[in-house]
Structure formats: structure tokens, C-alpha cells
Amino acid sequence: METFATWVSFALTLCILSFLYRDNPLYKFAEHLFVGISAGYYIALAYQETLRPNLVDELARGNLWRLIPLVLSLLMFTRFSKGLAWLSRWPLAFIVGMYAGINVGAYGRGDLIIQLEATMLDFLHGGWGGVSNFLLVAGLAASLIYFYFSKEHTGPLRVVSRVGIGFLMISFGASFGYTVMSRISLAIGRARFLLADGTIAAILVAIITVILVVWSRRTRSRPGEST
Amino acid sequence: MIRLPGIAAAAALIGTAAFAVEPPVSPRSFDTANDGGRSVTVEWDAPVPAEPGVDVIVVRTGADGEPVEVGRVPMTDGKLVDRSGADGNGGPENGVPYEYRLSAVDATGTESAAVSAGSAVARPQLFNRDRFNVLILLLLIISFVLINVVRARNGAKFFVRRLAPVDAMDEAIGRATEMGRPVLYVPGIEEVEDIQTIASMLILGRIARKTAELEVPLRVPTRTPFVMAVADEVVRAGYMAAGRPDAYREDDVRFISSEQFAYCAGVNGMILRDRPAANFYLGRFFAESLIFAETGFAAGSIQIAGTAEVTQLPFFIAACDYTLIGEEFFAAGAYLSQDEMLLSTLKAADWTKVLLVTLLLTGSLLMSLGYPEFREWFVVR
Amino acid sequence: MPGALLRKLEFVDRRWLFLMMACAIVIPLIFPVPLPIAVTDMVQDLYDSIEDLPEGSVVLVSVDYDPTGKPELEPFHVALFHQIARKKLRMVIVSLWSPAPPLTEQVIAEVGLETTYGMERGVDFVHLGFKEGRQIVMESMGRSLRQTFPVDRDRTPVSEIPLMQEVDKYDDFAMLINISAGSPGVKEYVQVVQSQYGIKMTGACTAVSGPDYVPYYDSGQMLGLAAGMKGAAEYEVLVGLPGSATAGMVAQSTTHLLLVAFIVFGNVMFFLARKRRS
Amino acid sequence: MKRAVSLTLTFIAGFLMMADFFVPHASFRGVVAEVRQWGLIVVAFTYVLGVANVAQVHGRRISRRESDWFNSIVLVGSMAGMAGLGIFHSHDSPDSPFIWLFNHVYDPLSSTMFALLAFFITSAAYRAFRARSVEAALLLGAAILVMLGQVPVGAAIWGGEDAFLGGFPGIKDWIMSVPNMAAKRAILMGAALGAISTGIRVILGIERAHLGGGG
């Protein structure tokens with residue numbers, strides 16, 4: 001069973017990688033299979049580990065309060081009937097309101113007040129540490145002022161705004177560098193996965209290359225696929 | 001046997017003193033503040049000199065007179081919270097007075113006399129006073145939002161500063177006219193109710209009107225049927241506003257595919273086939289941002305991007321000619337569409353930024369001069 | 001640099017570039033050259049904060065990644081379970097990402113929690129599985145874990161699980177450890193949970209999110225953070241178990257050098273072309 | 001009337017969630033906890049419905065024999081098969097077909113789908129990342145320093161305790177903890193203001209975007 005599993009997962013991996021050569025039928029097949037399997041997987045998990053324990057079991061135990069979410073959820077299926085479609089707004093309104101309520105508190109505390117408090121730093125003492133603190137406080141203030149839209153950025157405001165965009169660009173450079181590591185990690189993971197059974201990988205690479213070459217010759221590569 | 005009362009008594013006294021354990025000093029008990037009830041806090045100070053290894057046993061007696069041992073903690077803790085356990089039972093009932101008695105016990109097990117920490121009644125509070133600062137700051141920001149919504153409703157004019165990418169838009173469409181090549185508008189890959197897609201639709205309306213006036217073909221590939229429907233309405237309205245309803249071509253706004261990379265391959269194909277003079281990438285993007293930007297660069301188009309998706313901004317900035325960064329994207333939407341909702345949000349955010357910068361500089365200055373109390377007020381408990 | 005060569009170099013077929021990247025990845029995997037991994041404070045603090053937990057205390061581990069996060073987060077996950085098992089801590093595992101539970105079971109088997117470390121399911125650790133609702137689940141767990149997860153992943157009612165009798169609210173846990181590949185993850189847990197319940201929190205994230213979560217480490221909302229494959233490699237070094245992340249870092253080195261070279265070379269050509277045009 | 005119910009539901013759900021942080025009262029929090037459980041259930045249903053309408057879109061493509069309809073059969077078939085196995089057979093036992101398909105179909109497909117990005121970044125780095133403005137130059141400069149600072153070979157080139165500023169790794173750590181920290185906090189606060197104002201307008205019913213036309 002183990003080798004069959006290796007053949008299947010290697011073949012699917014190489015079908016997706018074939019997109020690097022060109023968008024081709026093997027890639028289209030693998031992509032649709034991916035969307036189907038991941039959708040089916042989610043439906044099973046959402047039922048088995050949320051709807052069943054928190055709704056079905058609770059109703060079975062006599063917790064009738066859970067009839068309310070059941071009714072709200074069933075209302076969503078009215079979306080498919082022309083007359084009752086407006087009813088499907090109710091569950092959506094309930095969820096949007098709940099997330100809005102949580103976000104106001106969470107963003108207000110976690111990302112606004114605590115970050116503000118954490119940046120009220122002593123920049124006169126501590127030698128180089130103090131200099132870094134000064135740059136931190138000045139950088140935060142300048143970046144906030146860069147995103148100030150109510151006044152034209154001229155005169156002193158322009159200088160502060162330029163300092164702000166400078167800090168922002170360095171932080172985007174840092175994100176760029178870290179994003180590169182994330183993307184490369186995925187490719188390393190795949191390479192190590194394929195190298196585990198080099199022979200099977202080599203055979204499959206050969207097969208798929210042949211299919212692609214034959215296929216692309218037959219369709220005389222249309223311009224704009226991949227340069 | 002010679003009675004040596006003095007020595008024996010003294011020895012007994014010293015003995016008790018030497019061997020006896022000092023009970024906790026100034027014990028007190030009170031309802032635990034800012035909680036949901038069924039909890040009493042008992043506090044005490046360790047006797048000086050504090051002997052190591054001495055614990056404190058807390059005993060509670062309720063109205064029924066039954067003494068119940070609540071817990072045993074090291075003397076140095078100085079505090080014990082008597083509340084219901086993880087399984088939900090135990091802990092004092094609300095509204096019932098309890099008498100708390102404390103006794104110290106050392107490693108050998110000798111116990112001191114029990115001292116009373118008075119009686120206390122557990123009560124739930126309606127408001128957590130520790131979080132008063134969060135409430136004030138939130139109410140302040142909320143009032144900024146509501147004030148500006150009312151001002152916008154009453155027709156107040158809101159000034160939005162010039163944004164380089166917005167000025168570049170007209171110039172890019174002008175270039176498309178000269179070169180007789182189409183304009184491509186990619187509204188991001190999120191669903192229609194996402195705030196960034198909404199802002200993108202507002203900008204699309206203005207771009208559509210401009211392309212209608214200059215008779216430049218406009219292509220709008222979308223990733224979801226809903227976005228296609230809304231974009232179709234917006235572009236049609238733009239052509240109407242420019243007085244050119246006839247110039248609108250049905251398949252200019254087209255649903256490509258809902259799969260991320262299939263949509264990517266489709267848009268790439270359009271860029272390389274039509275070789276548009278100007279590409280707009282405005283909305284919410286994920287990993288595909290850098291694929292569009294690279295293909296557009298290879299095709300030689302002017303590229304103007306805008307998103308609040310922070311992870312994609314580095315790629316747009318590095319590969320496009322102009323980029324609306326984070327809130328600039330919403331500001332551009334507000335400026336171009338004069339939309340009440342976006343303008344009031346912008347103004348409220350500006351007011352709050354002035355407040356934040358003031359608080360930040362004041363707090364840092366006071367911290368540097370040795371007054372941490374100001375910063376203390378902002379701690380979230 | 002003659003114009004024709006310049007243009008040919010600037011618009012080379014990108015599949016050659018793909019080939020060069022493929023070599024930069026595969027070659028170091030076939031011929032690994034061990035390179036020293038320097039440990040940064042963020043990861044040292046994460047390791048120390050877990051190391052300082054008294055024996056037998058219960059930690060809440062929220063596993064929130066999917067197969068795309070495996071190369072960066074599974075090495076950390078494996079090393080974390082080794083440290084938890086060695087420290088004889090007890091653990092409740094939950095997930096807000098639907099693909100996570102099978103990945104957790106794989107790590108439990110690979111680390112040998114039940115086999116080599118002899119931890120008993122239900123007594124030393126519980127796997128409660130996935131719950132939909134994102135931030136709503138985080139708030140709901142704050143009120144009552146048992147109400148949120150009535151059954152564990154094998155559908156055993158929590159009332160019958162010994163470990164679950166000792167924990168129900170965030171205060172009952174010594175620490176929250178979040179392995180996060182995106183949203184909902186570290187950001188939401190810090191905003192919704194840490195800032196409200198004050199629970200000690202550490203975690204690991206993909207490198208993409210590293211720079212965005214550093215402010216939470218600096219402000220003390222997070223005690224430690226391991227970002228991406230590099231963070232996982234540092235943690236593996238601290239746990240004394242160099243694994244797949246450490247091996248991967250060699251390939252990261254070659255690929256990063258290649259990309260830096262491409263950026264520099266691309267810009268040199270860009271300025272040469274512009275100088276020629278003006 | 002139709003819209004009034006939507007707005008009331010939004011207001012109640014939003015207000016309860018916001019108040020929960022400030023009101024520790026046990027019975028109040030009990031009510032909020034129950035309402036949250038309803039939220040879990042309705043969210044799970046929304047996602048299941050959202051995923052199911054993918055089947056509707058592809059089902060129509062199959063019935064009309066539009067281009068690529070064979071792949072739509074693959075999609076709808078694999079979705080139904082996987083969901084059926086998970087719900088009716090077993091979704092968690094290690095040797096069930098559901099877990100086999102997860103490990104040998106879902107896992108390789110999704111990992112490889114995103115591994116493509118490593119290659120797209122490569123061609124973009126070579127062909128598109130130009131320092132055409134001061135800002136872009138700052139960005140690329142910082143990116144190069146961070147990239148060299150976070151891989152072992154960077155430290156090998158210029159690093160170690162005695163190197164000036166700690167060499168590449170030292171510079172990277174400083175960039176992460178000062179300029180990056182300052183700018184990211186500004187972005188966090190900007191996003192927080194956006195979330196708070198949108199959230200308040202949604203709860204108070206000022207914003208109608210999510211209700212659309214009919215509401």
C-alpha cells in the first residue's frame with residue numbers, strides 16, 4: 001500500500017509542478033482535484049467536529065436553545081429561492097455583527113492601546129538603547145503622520161512624512177526578506193519529499209515530460225501561455 | 001524536684017516562642033473585585049523574621065457553622081483567592097457572609113493559633129473597573145467616527161491630500177489613448193463584501209468614466225461571479241456618466257475562474273495577448289500579486305497597484321510604478337468617489353492619529369523624565 | 001555591454017531561472033554542508049519560558065496550520081512535543097484550522113508521545129480536534145473549554161476525560177502555545193485572548209508573518225516567538241534534536257544567495273540600460 | 001420590517017460581544033457564552049454552504065458541457081466522495097480511507113500548489129524588482145540585508161560576536177527590532193482604526209454594505 005501511496009502523491013506533485021513549464025491539462029486536472037478534495041474534506045470536518053458535537057448532540061441532550069442557530073442556519077438555504085432570498089440576510093447579519101463586536105474590542109486592546117503603551121519609551125537613558133528607543137518612537141510617530149490625509153504634506157510635515165515612508169520601506173524590505181524564506185521553505189519541503197524515493201521520482205518525471213512534449217507539439221504553443 | 005518556675009516557665013515560653021509558629025500578621029478578607037462573583041480574596045503579611053517553609057491554612061465557616069478548609073499556600077504568597085474550582089463547584093456562595101480563619105503551619109506540622117481575617121461576602125460586579133481606560137479610549141474613537149458620519153451626512157466637505165498614484169492614473173490612461181492599447185483593471189481576488197473590494201469598485205467607477213471619455217478599451221477580469229456582477233454595474237454607470245453608454249462592450253468585464261492560480265494564468269494570458277498600456281491592481285491580493293506585476297513589467301505596461309494586504313505590498317512596491325500603501329488605498333477610494341462612508345472613516349482615523357501621536361510623544365517624554373505614572377494608565381489588565 | 005546582449009539578458013526565458021532555482025534547492029539537499037545555526041533571543045526566550053514551567057503544569061497547544069505550513073512549522077511542532085514530554089508537562093491540544101488535526105496525530109506518532117514517552121491519552125494529554133468559528137472559538141474557550149469542546153477528537157465526552165476535570169478556563173493553564181500559519185492564529189490569539197485573560201503566551205509562525213508579530217514579542221504580549229524555518233532550526237538546536245529544519249537551512253542559504261544575486265544583477269542591467277537610453 | 005430584523009440581530013450580537021469584555025457578571029457572561037455557541041454553528045453552516053455552491057457552479061458547467069467540463073466532474077466527484085467518506089465512514093482513525101486521501105492527495109497537492117511561489121519569486125527577483133525610486137531602493141536594500149542576515153551563510157560571510165554591529169545577523173536583528181517594529185506598529189494601529197470604525201458602523205447599522213440591496 002505504501003508504494004502505491006508514493007506513486008500517487010509523487011504523480012500529483014509533478015502534475016502541479018508542470019505549471020512551471022506551461023498551463024497544461026495535467027495541471028488543470030490536479031488543480032480541480034485539489035479544489036474538490038479540500039472542499040469535501042472541509043465539509044466532513046465542519047460536520048464531524050463542530051455541527052455534530054455542538055448542535056446535533058446538544059439537541060439530542062435536550063438543549064433546545066440550539067434550535068435557534070439551527071433555524072438561523074436553515075434560513076441560509078432561502079438564498080436559492082427568488083421570493084425568500086432576503087431571509088438569507090438574517091444569519092449573515094448575526095455573524096457579521098458578532099465578528100464586528102469581537103474585532104472592536106480585540107483590535108482596540110491588542111493592536112492599539114497595548115502597542116501605544118509599549119512604545120512609550122525612555123529615550124534619554126541607556127546609551128545606544130536610548131538611541132534605538134528614540135528611533136522607535138520617532139519612527140512610529142512619523143509613520144502615523146505619513147498616513148495623515150487631512151492636510152497637504154508641505155513644509156515640516158513633508159520632512160516628517162518622508163521619514164515616515166523611509167521607515168515603512170525598510171519594514172517592507174524586512175517582510176520581503178522573510179517572505180522569501182517562507183516561499184523557499186515550501187519548495188525545499190517538496191524537493192525533500194521527492195528525493196526520498198529518487199527512482200520513482202525520476203520515472204515519473206520522465207513520463208510527465210514525454211506527455212507534455214507530445215501535448216505541446218500537438219497544440220503548437222499558443223502565444224501568451226508562458227514566456 | 002526543685003521547682004524552677006522561672007526557668008521552666010521561661011523555657012516553656014521560649015520553647016513555645018522558639019518552637020511555636022507565628023500566625024500571619026494583619027489578615028484581611030474581602031470580595032474579589034471585578035469578577036463574576038463566588039470568590040473571596042484573603043490577604044496577610046508574613047511575620048518578620050519570616051521563617052522558611054511555613055505554610056498558611058485558610059479555613060472558611062459559613063452560616064451553617066461548618067468549618068471548610070479552603071487551601072494551603074506558602075506564607076510568602078501573602079494571598080489566597082477562594083473561588084470555585086475548575087469543575088465548577090466549591091467556592092463561597094454569592095451574598096452569604098463567611099468567617100475566614102488563618103493558621104500557620106511549619107514543615108514539622110506544628111500549627112499556630114488560628115487568627116480571624118474577619119468575614120466577607122462574595123458578590124458579582126457589573127463593571128470591571130480595571131478596564132476603565134480601555135472603555136474611555138474606545139468611546140473616544142467611536143465618538144470620532146460618529147461625529148464624522150454626521151458631518152458627512154450634513155454635506156461637510158472633507159479635504160484629502162494629493163496622492164501620487166492617483167495623479168498617475170489619468171496620465172496612464174492618457175498614455176493608453178496615445179498607444180491605442182487597452183487598460184487592464186484587476187479588482188483583487190476577494191469576495192464582493194470585503195472592504196478592499198468595495199473600495200476597488202469605487203475607484204473602478206472613476207477609471208471607467210475616464211476610459212469612456214478617452215474611448216480606450218477597458219478589461220476587467222474578476223475571480224468571483226458576484227464581483228463580476230458589481231463591476232459590470234459600476235463600469236456601465238461610468239460609461240453612462242461620461243455620456244457614452246453605447247461604447248460599453250459586454251465581455252469587457254469577465255469572470256475568469258474562482259481557483260486562485262487558474263485566475264492568475266488567465267489574467268497573465270490577457271496581459272501578454274492584449275499588451276495593455278496601463279495595468280491597475282486595486283483590491284485585496286495574496287500570493288498572485290507578484291505574478292501579475294512581473295508579467296505586466298515584461299509586457300512594458302505602466303502599473304499602478306493599491307492594497308491594504310500588508311504581506312503583498314513589498315512585491316507591488318518593488319515591481320510596479322506606483323503603489324497605494326495600506327490606508328492610502330482607502331484614501332484614494334474616498335477621494336475619487338467622494339463616498340460618505342470612506343470619507344468619514346478617513347477623517348475619524350486622522351483625528352485619532354493626531355491623538356495617538358500626542359499621547360505617544362507625551363508618554364515617551366514623561367518616561368524619559370522619570371514619570372512612568374502616565375504610561376501606567378494605559379496598561380490593559 | 002552591447003545593447004543586444006543586454007536586452008537578451010534582461011528578458012531571458014524565465015524557465016531558465018526556474019531551473020537555476022531548482023538546482024539551488026536540490027544540490028544542497030543531496031550534498032548537505034552543515035552550517036552553524038545562531039540562536040536569537042526570541043527563540044531562546046520561547047525555549048526558556050517552557051523550560052521554567054513546573055513539572056505537571058498543563059499547557060494549551062493550539063495547532064493552526066495546514067500542509068502548506070508543514071515545512072516551516074512541523075519541525076517546530078515535533079521539537080515542541082519532545083520538550084513538553086521531557087518536561088513531563090500535560091497538554092490539551094485544540095485546532096482552529098480544519099486541516100490541522102491529522103497533522104497533529106502524525107506528530108504525536110512521530111515523536112512517540114504514547115510509545116517512547118509513555119504519556120497516556122486522556123491523562124497526560126488530550127486532543128480535542130477542530131472547531132469552526134475562528135475568534136468566536138477563542139472567546140468561547142475563555143468562558144468554558146468544556147462547553148466549547150463537548151467531546152474530544154475520538155468523540156469521548158470531556159466529562160469522562162480525567163485531565164479535562166482540572167482545566168476549563170484560560171487561568172487554569174500555565175501557558176498558551178500557538179503554532180500558526182496565518183489567520184486565525186498568533187495575531188488573533190494575542191488580540192482576543194492574551195490581552196483579555198493575561199495568559200502567558202508563546203508560539204511559532206511562518207516566516208511571512210515574522211516581521212508582523214515582532215511587535216507582540218517586544219511589548220511582552222508574547223514571551224517568545226519562532227519565525228519560519230530559521231526559528232524552527234534554532235529551536236531544534238536548543239531542544240538538542242537537529243531535524244529537518246536544520247537540514248533545510250543549507251538549501252535556504254544557497255537560494256537566498258541566488259535571489260540576492262538576481263536582484264543585484266537585475267538592477268545593474270536596469271541602470272546600464274537607462275544610462276544607455278538617456 | 002425585513003431590514004429591521006437584520007439590524008437588530010447585528011446590534012445584539014455585536015453589543016453582547018463588546019460588553020463581554022467589560023462586564024464580569026457571571027449570569028450575563030453565561031448568556032453571552034450561549035449566544036457564542038450559536039455563532040459557531042451558523043459560521044460552520046455558512047462555510048459549508050459557501051463550499052457547496054462551488055459544486056453548483058461546476059454542476060452547471062457539467063450540465064451545459066462548457067469547456068473543461070471533464071475537470072468539473074473530477075471536482076464535484078472528489079468533493080462528494082471525500083465528504084461522504086468523512087461523514088459516513090470515519091474522519092479520524094489513522095487507517096481510514098479519508099485520512100489516506102488527506103495524506104496522499106490533499107497534502108501533496110496543497111503543498112505543491114504554493115511551492116510554485118518559490119519559482120515565481122525567482123523570476124520576479126530577476127526581471128521585475130527594480131530600484132526605480134528612492135523608496136524602492138530602500139526596500140530592496142533592507143530586503144538584501146535581511147535575507148543575508150537570516151541564513152547561516154550570511155553569518156559565515158560577515159558575522160560572529162566581534163563583527164561590527166554583529167555583521168549581517170546583527171544588522172538584521174536591529175532592522176527587525178527598530179525600523180520594522182516602528183513601521184509595523186503604525187500599520188497595526190492604522191488597521192485597528194479601520195476595524196473599529198467599520199465594526200461600530202456595522203453594529204449601529206450605519207453601514208449597509210454587507211446587507212446589500214434587499215436587506
Side-chain angles (χ1 to χ4, degrees), chain A residues 5 8-9 12-13 16 20 28 32-37 39-41 43-44 46-48 50-51 55 69 72-73 76 86 89 91 93-94 96-98 100-105 107 111-112 115 132 135-136 139-140 143-144 147 167-174 176-177 183-184 186-187 190, chain D residues 2 6 9-10 13-14 17-18 21 38-39 41-42 44-45 48-49 51 54 71 74-75 78-79 82-83 86-87 91 104-106 108-109 112-115 117-119 121 135 138-139 142-143 146-147 175 178-180 182-186 188-190 192 195-196 199 202-203 210 214-215:
Chain A
V8 168
S9 42
L12 292 174
T13 301
I16 297 285
L20 291 177
K28 278 199 168 58
H32 282 77
L33 179 63
F34 168 52
V35 173
I37 288 276
Y41 175 84
I43 292 171
Y47 169 72
Q48 288 284 17
T50 301
L51 295 177
L55 177 65
L72 262 178
S73 303
M76 270 187 279
W86 55 273
R89 297 257 181 254
F94 176 68
V96 165
M98 188 170 276
I102 291 177
N103 278 339
V104 167
Y107 275 94
D111 277 7
L112 203 59
Q115 295 301 325
S132 283
L135 286 174
L136 199 50
L140 176 56
S143 302
L144 281 172
F147 289 118
F167 273 87
L168 284 162
M169 283 303 151
I170 292 175
S171 90
F172 288 138
F176 182 104
R183 304 297 185 230
I184 306 270
L186 289 165
R190 285 300 88 192
Chain D
K2 299 179 190 172
S6 289
L9 278 172
T10 307
M17 290 304 127
M18 280 201 299
F21 176 71
W38 305 351
I41 293 159
V42 178
F45 256 105
V48 169
L49 192 65
V51 162
V54 167
N71 279 325
V74 167
L75 187 143
S78 56
M79 176 197 287
M82 194 66 168
I87 291 173
H91 79 291
H104 301 297
V105 176
Y106 180 104
L109 282 174
T112 318
M113 183 68 72
F114 283 88
L117 294 176
F119 297 96
I121 250 190
E135 286 88 359
L138 257 176
L139 187 146
V146 164
M147 281 165 75
I175 289 177
V178 181
N180 172 66
K184 283 292 188 298
R185 278 199 171 137
L188 284 181
M189 291 181 180
I196 292 171
V202 159
I203 291 168
H210 67 283

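Labels below follow one simple rule: chain letters A, B, ... track the order of the sequence lines, proteins then strands, and each chain is numbered from 1.
- A/F34 meets the ring-ring contact (aromatic ring centres under 6.0 Å, His included) test with no other residue; sequence neighbours excluded.
- Interatomic distance, D/L138 CG to A/I170 CD1, rounded to the nearest 0.5 Å: 5.5 Å.
- Partners of D/R185 according to the salt bridge (Lys or Arg N to Asp or Glu O under 4.0 Å) rule, which considers only residues two or more places apart in sequence or in another chain, are C/D218.
- With a 4.5 Å cut-off on side-chain heavy atoms, D/I41 and A/L72 do not count as touching.
- Contacts between A/S132 and chain D at a heavy-atom distance below 4.5 Å involve backbone atoms as well as side-chain atoms.
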Using the rule given for side-chain contact (heavy atoms from CB on, under 4.5 Å), can you reason through D/E135 versus A/L168, listing the C-alpha separation, both sets of side-chain angles and the distance that settles it, and then say yes or no?
CA-CA 9 Å; D/E135 286 88 359; A/L168 284 162; over 6 Å; no
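- Between D/V42 and A/M76 there is a side-chain heavy-atom pair separated by less than 4.5 Å.
- Nearest heavy-atom pair across D/M18 and A/G101 is CG-O, 3.5 Å.
- Residues D/M189 and A/L140 meet the side-chain proximity criterion, which asks for heavy atoms closer than 4.5 Å.
- Proximity to chain D involves both the backbone and the side chain of A/F172, based on heavy atoms less than 4.5 angstrom apart.
- When heavy atoms are compared at a cutoff of 4.5 Å, A/L144 approaches chain D by way of both its backbone and its side chain.
- Of the two parts of D/I87, the backbone and the side chain both hold a non-hydrogen atom closer than 4.5 Å to a non-hydrogen atom of chain A.
- Heavy atoms closer than 4.5 Å to chain A are found in the side chain of D/F21, but not in its backbone.
- Of the two parts of D/I175, only the side chain, counted from C-beta on, holds a non-hydrogen atom closer than 4.5 Å to a non-hydrogen atom of chain A.
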